[in-house]
Visitor: 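Before I ask anything, here is the structure I am working with.
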Amino acid sequence: MGRSSVLLIYTGGTIGMKTDPVTGTLVPFDFNGIYDEFPSLRRLDVELEVLPFEPIDSSNVEPELWVSLARIIRENYDRYDGFVVLHGTDTMSYSSSALSFMLDNLGKPVVFTGSQIPIGVLRTDGRENLITAIEIAAAREAGRAIVPEVSLYFQNRLFRANRTKKHSAEELSAFASHNYPALADVGVGIHYRTGAIARCEGEGAFAIDTAVSREVAVVKVFPGLTEPVFRTMLQAEGVKGVVLETYGAGNAPTFDWFIQALEQTVSRGVHVVNVTQCVSGSVNMDIYETGRRLQDAGVISGRDMTTEAALTKMMCLLGRGYAPEEFVRRMGHSMRGEMTEE
Ligand code: ASP
């Protein structure tokens, strides 16, 4: 087995910044010169190629970036053993979740990573994140990729990307996957949890589907929400899908106006998916009356999906133009391991 090859795609974010020696300000780092900056990368037994995008702060990410990433991966799929995407942390869970839905029959690793401290700053967390992400993208056993999933590596843990959330703006361990175990723990060695890693080998050839819709909204319930505000959000022009963030196990007010607004939204053909505002646990609309009323109104259970996964999945499924029943079926079941099935 020869050396593994990895394509490193740089999209921007904190990881790509370094201090300008003259001005002392943070400026984007030229990833084409990555070996000059990090000679230690040469010691990795990996053939690395770098593809730098025009760097952006990930707060400015648009679905077009996801489409570009999916296309680049498809165009280079046969040439590399794995892919690393360097991305700002702020929206990394959205982008990596979206990619997981756009890539079909993925048999190679696509590892997202970034950093909380710029790579050009002495105490950076970016160096370790970058090197380990490359190692994971290159890792093979008996000729097969060890993690053929879209994953996210950060601070010693590898996660299934569509299970993650950025949970801290301060801690170096910025991401968590509350409802699914880590795919690998990194200490002195990289310990893969083989049983948690999904494989779709033999299910067909790798393909991408980049259809994506923006006709979506996220609506969070809160005590004091009024009927006019709720209706305005549900009736926003063009919206075809709503991710409804409810309380606890998927509970929401049972006021008549609230339920009626939802019933009318669903009967207008707008899909509504229920996810919890809690960081862990699942929606279960059978437990309380408050959940049952939502189910009766035609709201789909998002089970234990994160908002990031529910939203990007909805954007992809709406983009594909499924008939309503098919949309509901797909939204309510696992597509890429983003939700726990009963
Ligand atoms: N604002 C930055 C971004 O998401 C933060 C980061 O990369 O950590 O692009």
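Ligands are counted one by one from 1 in listed order, and the atoms in each one are counted from 1 as well. Because the structure is a prediction, the values reported are computed rather than measured. Residues: numbered from 1 along the sequence shown.
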Visitor: Under 3.5 Å, is there a donor-acceptor pair between the N284 and S282 side chains?
Guide: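 No - no donor-acceptor pair under 3.5 Å links their side chains.
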
Visitor: Does D304 come within less than 4.0 Å of R163, counting only side-chain N to carboxylate O?
Guide: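 So D304 pairs with R163 through a salt bridge.
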
Visitor: Dump all N/O pairs between ligand 1 and the protein below 3.5 Å as a table: atom names plus distance, one pair per row.
Guide:
unit_1, atom_1, unit_2, atom_2, d
ligand 1, 1 (N), D57, OD1, 3.1
ligand 1, 1 (N), D57, OD2, 2.9
ligand 1, 1 (N), D90, OD2, 2.8
ligand 1, 4 (O), S58, OG, 2.5
ligand 1, 4 (O), T89, N, 3.3
ligand 1, 4 (O), D90, N, 3.0
ligand 1, 4 (O), D90, OD2, 3.4
ligand 1, 7 (O), T14, N, 2.9
ligand 1, 7 (O), T14, OG1, 3.1
ligand 1, 7 (O), T89, N, 3.0
ligand 1, 8 (O), T14, OG1, 3.2
ligand 1, 8 (O), T89, OG1, 2.4
ligand 1, 8 (O), S115, O, 3.2
ligand 1, 9 (O), D57, OD1, 3.4
ligand 1, 9 (O), S58, N, 2.7
ligand 1, 9 (O), S58, OG, 3.4

Visitor: Could you check whether any side-chain N or O of T132 sits under 3.5 Å from a backbone N or O of N129, counting only pairs where one atom can act as donor and the other as acceptor?
Guide: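 Not at all, since once roles are kept as given, no pair shorter than 3.5 Å links the two residues.
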
Visitor: Test of understanding: with ring pair (Phe, Tyr, Trp, His ring centres under 6.0 Å), list the residues that count as partners of F206, not counting sequence neighbours.
Guide: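 Once residues adjacent in sequence are excluded, the partners of F206 under the ring pair (Phe, Tyr, Trp, His ring centres under 6.0 Å) criterion are Y77.
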
Visitor: Can you find a side-chain donor-acceptor pair between H87 and S95 that sits under 3.5 Å?
Guide: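 H87 vs S95: donor-acceptor pair found between side chains.
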
Visitor: Check for me whether the distance between the ring centres of Y10 and F31 falls short of 6.0 Å.
Guide: yes

